[in-house]
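Reading through the structure tokens given below for one structure.
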Amino acid sequence: MRESDLYPVVKSFLEGQGYEVKAEVKDCDVVGLRGDEPPLIVELKTGLNLTILLQAVDRLAVSETVYLAVPSGAGPNGRRRKADVTRLCRRLGLGFMVVDQERALVEVRCDPGPYQPRRQPKREAALLREFAERAGDFNEGGQSGRPIVTAYRQDALRLAQALLEHPKAPKDLKSETGVERAGLILRDNHYGWFFRVEKGIYALSDAGVSALEHYADVLRALSEGRCPS
């Protein structure tokens with residue numbers, strides 16, 4: 001598909017909205033005029049990337065009404081990708097159109113204009129809680145390879161270490177390690193480190209023993225109280 005393949009559908013759509021439309025005007029793919037309104041600019045693209053977004057933002061110096069238009073199948077993970085791009089376009093003050101060439105339809109996902117994102121207090125609270133519950137900083141920004149040492153993983157490691165010698169009950173582990181959610185972690189067994197040997201008694205699995213070796217540096221720091229900051 002070429003960018004020019006999108007033009008007839010977008011032109012017809014805008015003309016249906018009362019615009020006079022012309023293509024390739026001063027480096028703008030599509031320009032529409034309607035009465036005394038500011039010019040409407042549409043950048044036609046077959047895919048989504050940073051260069052395209054920067055180009056569309058640059059057009060805001062010409063007009064406050066700028067749209068980015070892409071075909072309905074553009075990019076991997078189509079629906080999720082377009083939802084992400086819609087949010088980004090809103091933040092940038094851009095409009096976003098999705099063009100279905102086969103059905104000759106245009107879906108306007110968002111219009112240009114000022115945007116104030118909705119705060120999400122629950123996400124902020126979760127961020128602050130995770131930060132506070134982590135003992136030190138055992139990760140690197142942009143980390144790949146070893147799984148991230150979260151507060152949950154730190155607690156699971158504490159429990160695994162306490163179970164190394166023999167099985168125990170959650171209440172005893174809670175008292176010994178100070179991990180308030182000991183019972184929940186053992187029951188969920190998110191990492192496969194534990195197993196129940198009888199009602200109310202848990203033991204360490206082979207995966208748990210391996211985890212103690214894999215995270216030996218974390219456990220040493222936690223036990224010695226010298227967590228990196």
Can you get from Leu127 to Ile148 by hopping between Ile, Leu, Val, Met, Phe, Trp and Tyr side chains that sit under 4.5 Å apart?
no

NZ/NE/NH1/NH2 to OD/OE distance under 4.0 Å, Lys174 and Glu180:
yes

Once you round to the nearest 0.5 Å, how far does CG of Leu68 lie from CG of Leu44?
9.0 Å

Let's go through Leu105 and Val9 carefully: what are the C-alpha distance in whole Å and the side-chain angles of both, what is the deciding distance for side-chain contact (heavy atoms from CB on, under 4.5 Å) to 0.1 Å, and is it a yes or a no?
CA-CA 7 Å; Leu105 295 175; Val9 181; 5.9 Å; no

Please say whether more than 12 non-hydrogen atoms of neighbouring residues, nucleotides or ligands are located less than 6.0 Å from CG in Asp172.
yes

Just grab all the salt bridge (charged side-chain N to carboxylate O under 4.0 Å, His left out) pairs involving residues 151-166, residues at least two apart or on different chains.
Asp155-Arg158, Asp155-Arg181

Short question: side chain of Lys168, backbone of Ala162 - any donor-acceptor pair under 3.5 Å?
yes

Taking C-beta and beyond as the side chain, do Glu20 and Arg34 meet within less than 4.5 Å on heavy atoms?
no

Identify all side-chain donor-acceptor contacts of residues 197-207 below 3.5 Å with residues at least two apart in sequence or on another chain.
| unit_1 | atom_1 | unit_2 | atom_2 | d |
| --- | --- | --- | --- | --- |
| Ser205 | OG | Gly192 | O | 2.7 |
| Ser205 | OG | Trp193 | O | 3.0 |
| Ser205 | OG | Ala207 | N | 3.4 |
| Ser205 | OG | Gly208 | N | 3.2 |

Can a donor-acceptor pair be found, under 3.5 Å and without considering hydrogens, that links the side chain of Asp188 to the backbone of His190?
no

From OG1 (Thr150) to CG (Asn139), nearest 0.5 Å:
8.5 Å

Could you go through Phe96 and Arg90, starting from their C-alpha distance and side-chain angles, then the distance that decides it, and tell me whether this counts as side-chain contact (heavy atoms from CB on, under 4.5 Å)?
CA-CA 8 Å; Phe96 183 41; Arg90 284 197 178 108; over 6 Å; no

Counting C-beta onward and ignoring hydrogens, is there a side-chain heavy-atom pair between Met97 and Leu14 closer than 4.5 Å?
yes

Contact list for residues 54-70, test side-chain hydrogen bond (donor to acceptor under 3.5 Å, both in side chains), sequence neighbours left out
Glu43-Arg59, Lys45-Gln55, Tyr67-Asp111

Are side-chain heavy atoms of Phe131 and Asp137 found at a separation under 4.5 Å?
no

Do the side chains of Asp5 and Gln101 get nearer than 4.5 Å, heavy atoms only?
yes

In terms of side-chain geometry, is the basic nitrogen of Arg109 or Glu107 positioned less than 4.0 Å from the acidic oxygen of its partner?
yes

State plainly whether one hydrophobic cluster holds both Leu184 and Leu163, where clusters connect Ile, Leu, Val, Met, Phe, Trp and Tyr through side-chain heavy atoms under 4.5 angstrom apart.
no

Residues Asp84, Arg87: salt bridge by 4.0 Å N-O rule
yes

State yes or no: do Tyr191 and Phe195 share one hydrophobic cluster built from I, L, V, M, F, W and Y residues joined by side-chain heavy-atom distances below 4.5 Å, directly or via other members?
no

Please determine whether residues Leu40 and Leu33 belong to a single hydrophobic cluster, defined as Ile, Leu, Val, Met, Phe, Trp and Tyr linked transitively by side-chain heavy-atom distances below 4.5 Å.
no

Looking at Gln17, I'd like to know if its CD atom is crowded, meaning that more than 12 non-hydrogen atoms belonging to other residues, nucleotides or ligands lie closer than 6.0 Å.
yes

